[in-house]
S.K.: 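Let me give you the structure first, and then I'll get to my questions.
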Amino acid sequence: MFLTWLNLRHAGVIGMNRRNADFILRYNERSLYPLVDDKLRTKQLAIAAGIAVPQLYGVIEIEHDIANIPNIVRDYKDFVIKPAHGSGGNGIAVIIGRINERFQYNNGSLLTEEELEYHISNILSGMYSLGGQPDQALIEYRVKFDPLFESVSYRGVPDIRTIVFRGIPVASMVRLPTRLSDGKANLHQGAVGAGIDLNSGMTTRAVWQNRPIDIHPDTGSVISGLAIPHWNKLLTLAAQCYELVGLGYLGVDVVLDHELGPLVLELNARPGLSIQIANGKGMEKRLEYIDHLNKIPEKAQDRAALAQSLFKAEN
Amino acid sequence: MRQLHLLFLTLLLCSIGLGLAVYKVNTLGLPLTASKQTEVWNVEARISFKAKPDSGVKVSLPLPLNTSGYTILNEDFVGANYGLATEQDEGGRVALWAKRRAQGKQLLFYRAVIFENDEKVADSSKIPSYPTVPDYPEHFLPVIQGLLDKSRQQSADTISFAQQVIQQLNATAPAPELKLLIEHINTSKNLAKEISWILAGARIPARIIQGLRLHDGKRYSELETWVQVHDGKQWRTLNTKDGQEGLPANFVIWQIGDQKTFSVEGGTEISLQFSVAKALRELVDVAESRAILKGSRIMEFSLYSLPVQTQNVYKVLLMIPLGAFVVVLMRNLIGIKTFGTFMPVLIALAFRETELAWGLGLFCLIVGLGLLLRAYVEQLKLLLIPRLASVLTMVVLLMVGTSVVMHKLGLEMGLSVALFPMVIMTMTIERMSLAWEEVGPVEAFKQGAGSLLVATIGYLVMNIDELQHLLFVFPELLLVVLAATILFGRYSGYRLTELWRFRALAKR
C-alpha cells in the first residue's frame with residue numbers, strides 16, 4: 001500500500017485533498033462559483049464575450065411557464081433540456097425527435113408531453129441542483145456531434161474536458177458515452193475516457209472502468225489515434241473561458257458540432273481527477289510549473305500555444 | 001507562511017487545552033479516569049444535654065481548622081430551632097448555638113467532611129514573644145526552680161529542655177521534691193496546660209493543641225491534648241506523657257490554644273462525643289470543593305456548576321466534535337463516501353440510545369421500507385417539497401409502527417427507534433433513491449454502507465466512557481481535537497481509496 005503511495009507520488013498524481021487544498025481553495029474565489037454553477041449565467045456571459053455556445057431556445061423559471069413548452073420547441077425537431085444548476089450530467093434530457101405527438105428520448109424511449117413536463121417540474125423544484133435549491137430549466141440546441149465520434153460513442157454526446165489552470169490548458173480528454181453510462185459522459189458512470197495529446201490533438205489512450213482499453217466497448221472501434229478536429233480552436237476556446245469567469249482552476253467541457261465547430265457546453269469549478277487516468281499521467285508537474293510562472297500571456301491564443309509548446313517536450 | 005501560521009495555531013490550541021487540563025489534574029486533583037473515588041473522613045461532634053427549665057440555652061463549641069495535611073471540604077450544623085453563629089478570631093473558630101427556651105433532652109451536631117491531602121499549609125502564626133515568668137505560689141517556687149535548673153543542665157536546646165521537663169513530671173519514680181507539684185498537676189487534669197505553665201518559668205513559649213486521631217468507627221469522649229513548644233523558628237509538637245516529638249499519623253488538629261472552650265449554659269447532664277467514620281466520595285466532588293476553598297475560579301465555571309440535566313446534555317454534546325473528527329478521518333484520509341457530511345454523526349448519536357446492533361437493524365429496516373414507499377411515491381410524480389414531506393410522514397408512521405410491533409413482541413429495544421433523527425432518515429432515503437436512479441444501485445448501496453460504517457465507528461468512538469469522562473471534566477481538550485481537525489484541514493496527501501482509484505497510474 002505504501003509502495004502504491006510512493007508510485008503515485010512519483011507519477012505526480014493529484015489526489016482529491018491536494019486538488020481542493022492547493023488549487024481549488026487557492027485559485028477559485030468562492031464568489032465566482034455562481035458564474036459556473038448557473039449554466040444560464042455562464043451561457044449569457046459566453047454570448048456576451050463572443051464565445052461559441054449551443055443556442056438557447058428558452059428558459060423555464062417557474063412552474064407556470066411549463067405550459068409554454070410547446071411554443072418554445074415548436075420550431076425545433078430536437079432539443080436538450082437541462083437544469084441550470086445540475087451537476088454530473090444529471091437531469092439532462094436529450095430529445096432527438098418526435099413520433100406521434102410523443103418526444104423521443106435519446107435512449108429510444110418515448111415520453112408524453114406530460115412526462116416531459118414532470119421532468120421539467122422536477123428540475124424547477126431543485127431535484128438535480130446542488131443543495132436542492134429551486135432551479136431553472138434551460139432548453140437549448142442539441143449538438144449534432146462530429147461524425148468522427150460516430151464510431152466511438154454509444155448514444156449521448158461525447159465531450160472534450162480540458163483542465164485550464166491560470167488560463168493555460170493543462171490536460172485534455174474526450175469522454176465517450178457507452179451503453180453502461182446511459183449516454184452520459186461521466187467516467188465514474190461508465191463512460192470511456194480517452195486522453196488527448198495537447199500538442200497534436202490526437203487521442204492517446206483510453207480508459208474504461210479504470211482499465212486501459214483500445215477499442216470502444218459498445219461500437220468496437222479503435223479509440224486511440226483519432227485526430228480531434230479544430231484542435232487549436234478548441235484549445236483557445238478553453239483558455240478563453242478563464243477570462244470569462246476568472247476561476248484559476250477550471251474544467252471546460254466543449255462539444256464539437258459538425259457544422260458549428262467547438263461549442264462550450266459548461267464550466268466546472270471543481271473538475272474531477274479522472275482526467276489523469278484517461279491520460280495515464282499525473283497533472284502535478286504541469287500544475288506546479290504553471291503555479292510558479294511569473295507571467296501568464298494575456299491573449300488566450302498565446303496561452304493555448306504556450307501549453308502546446310510546454311507540454312510537447314514532456315511526451 | 002501559511003503552513004507556519006497553521007502550525008503555530010495548532011500548537012497554541014494544544015498548549016492551551018493540555019495546559020489547562022494538566023493544571024486541573026495537578027493542582028486541583030481532578031481525576032483522569034472515570035468514577036475514581038477517594039477516602040474522606042466524616043467527623044461528628046455530638047452534644048447532648050438536658051435543658052434547665054425556664055432558662056435560655058447557650059452552647060459554644062470550638063471548631064476544627066484547616067491545618068497542614070487536612071482540608072475541611074464541607075461542614076454542617078444540626079440543631080432544631082437553634083440560632084447558629086460561627087465566630088473566628090486569632091484564638092480560633094467557634095460555633096455558638098442559642099435558644100431562648102428549651103425543654104428536655106437537647107441534641108446538637110456538628111459534622112465535617114475532612115479530606116487528607118499532601119499539601120503543607122505554612123504556619124501563619126506569628127513568632128510568639130517570650131512569656132513572662134508566672135507568679136508561682138510560694139510553696140511551688142523552689143520546686144519549679146529546681147526542676148527547671150535540673151532540666152537545663154541535662155539539655156542542649158529548647159526542645160530537649162522541654163522534653164526533660166515532661167519526662168521528669170511523668171517519671172514512674174519521680175524525685176521526692178516533685179511529689180507535691182505532680183499531685184497538683186493531677187488534680188487539674190490538664191497536663192499540657194500545666195507543662196506550658198512550668199515552661200513559662202524558663203520563658204519558653206508553649207501552647208496546647210487538641211485534636212482527633214482519624215480511625216474508622218472510633219468514638220472519643222474528648223479531644224487529645226498535645227503541647228507545642230516554639231523553638232524560635234516553628235512550633236514543635238510534644239507528647240505530654242513522654243516528651244516524644246511529632247504528631248501521630250491520621251491526627252487532625254481541632255483547636256490550637258485554649259482560649260475557646262466547650263461550654264453549655266442552661267443545661268445539665270452535658271456530654272460531648274466525637275465520632276469518626278471513613279467514607280468514599282467521587283474524586284471530582286472533592287476536587288470541586290477544594291478548588292472552591294482555594295478560591296480557584298476554574299471550577300466555578302466548570303460544567304459541574306450547571307444543573308444536572310444540562311450536564312447530561314453536555315455529556316453528549318461534547319462528544320459530537322469527536323464524531324465529526326471521525327468523519328473527517330473517514331472522508332479525507334480514508335475516502336469513504338457518505339450521504340451528507342454529518343449525517344453519520346447524528347446516526348451515531350441515535351445509536352447511543354439504541355445500542356449498536358439494534359440501531360443498525362432498525363436503521364436498515366426504516367430506510368429499506370422508506371425506499372420502497374419512496375419508489376411508490378415516485379409513480380405519483382410529486383413535486384420535491386411535498387414529496388419530501390410525504391416521505392417524512394411515512395418515516396414517522398414507520399417508526400410508530402415499528403415501536404408498536406416491537407413492543408407487542410416484547411422487544412423493548414425496538415421502542416428506541418423513536419430516538420432516530422427522522423429528518424435525517426428522510427433525507428437519507430431521498431438521497432439514496434436519487435443516487436439509485438442516477439448512478440445505479442451499486443453506488444447507492446456503497447454510499448449507504450459507507451454512511452453506516454462511519455456511523456458505527458463514530459458510535460464506537462463516542463461511546464468510550466473514558467473519553468466521555470475526559471471531555472466532560474476537561475472540556476478544554478476539545479481545543480486539542482480542534483487543532484487536530486485544523487491540521488487535517490491542510491492534509492493534501494492521497495486518500496486511501498485513491499490508491500485504489502489511481503492504481504493504473506501507479507503501475508507505470
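Letters A, B, ... mirror the listed sequences (proteins, then strands); counts begin at 1. Since this is a predicted model, take the numbers as computed values, not measurements.
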S.K.: Between atom CG of Leu505(B) and atom OG1 of Thr4(A), what is the distance when rounded to the nearest 0.5 Å?
M.R.: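 That separation rounds to 12.0 Å.
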
S.K.: Where does Leu124(A) contact chain B at under 4.5 Å (heavy atoms): side chain, backbone, both or neither?
M.R.: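 The answer is neither part of Leu124(A).
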
S.K.: Closer than 3.5 angstrom, by distance alone: can the side chain of Tyr494(B) be matched with the main-chain N or O of Leu8(A) as a donor-acceptor pair?
M.R.: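 At least one qualifying donor-acceptor pair exists.
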
S.K.: Given heavy-atom pairs under 4.5 angstrom as the criterion, report whether the side chain, backbone, both or neither of Leu496(B) touches chain A.
M.R.: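 Just its side chain gets close to chain A.
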
S.K.: Step by step, would you call Arg501(B) with Ser274(A) a side chain to side chain contact (heavy atoms under 4.5 Å, CB included)?
M.R.: CA-CA 9 Å; Arg501(B) 180 184 173 194; Ser274(A) 303; 2.9 Å; yes

S.K.: Given Phe502(B), which partner from the list Val13(A), Ile14(A), Asn7(A) fulfils the side-chain contact (heavy atoms from CB on, under 4.5 Å) test?
M.R.: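 For Phe502(B), the side-chain contact (heavy atoms from CB on, under 4.5 Å) check succeeds only for Val13(A).
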
S.K.: Heavy-atom distance under 4.5 Å to chain A: side chain of Leu434(B), backbone, both or neither?
M.R.: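 Contact with chain A involves the side chain of Leu434(B) alone.
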
S.K.: With a sphere of 6.0 Å drawn around OH of Tyr314(B), does it hold more than 12 non-hydrogen atoms of other residues, nucleotides or ligands?
M.R.: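 Atom OH in Tyr314(B) is not crowded, with 12 or fewer foreign heavy atoms closer than 6.0 Å.
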
S.K.: Does Asn332(B) use its side chain to pair, donor to acceptor, with the backbone of Asn17(A) at less than 3.5 Å?
M.R.: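 No; zero donor-acceptor contacts below 3.5 Å.
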
S.K.: Would you say the side-chain atoms of Arg387(B) and Ser125(A) include a donor-acceptor pair closer than 3.5 Å?
M.R.: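 Side-chain D/A pair, Arg387(B) to Ser125(A): absent.
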
S.K.: Tell me, for Glu114(A) versus chain B, whether the close heavy atoms (under 4.5 Å) come from the side chain, the backbone, both or neither.
M.R.: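 Neither; nothing under 4.5 Å.
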
S.K.: Is the number of heavy atoms from other residues, nucleotides or ligands within 6.0 Å of OH (Tyr27(A)) greater than 12?
M.R.: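 Yes, enclosed.
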
S.K.: Is it the backbone or the side chain of Arg9(A) that comes under 4.5 Å from a heavy atom of chain B, or both, or neither?
M.R.: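 Both the backbone and the side chain of Arg9(A) come within 4.5 Å of chain B.
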
S.K.: State the CD-CZ distance between Glu498(B) and Arg18(A), to the nearest 0.5 angstrom.
M.R.: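 So the gap between those two atoms works out to 12.0 Å.
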
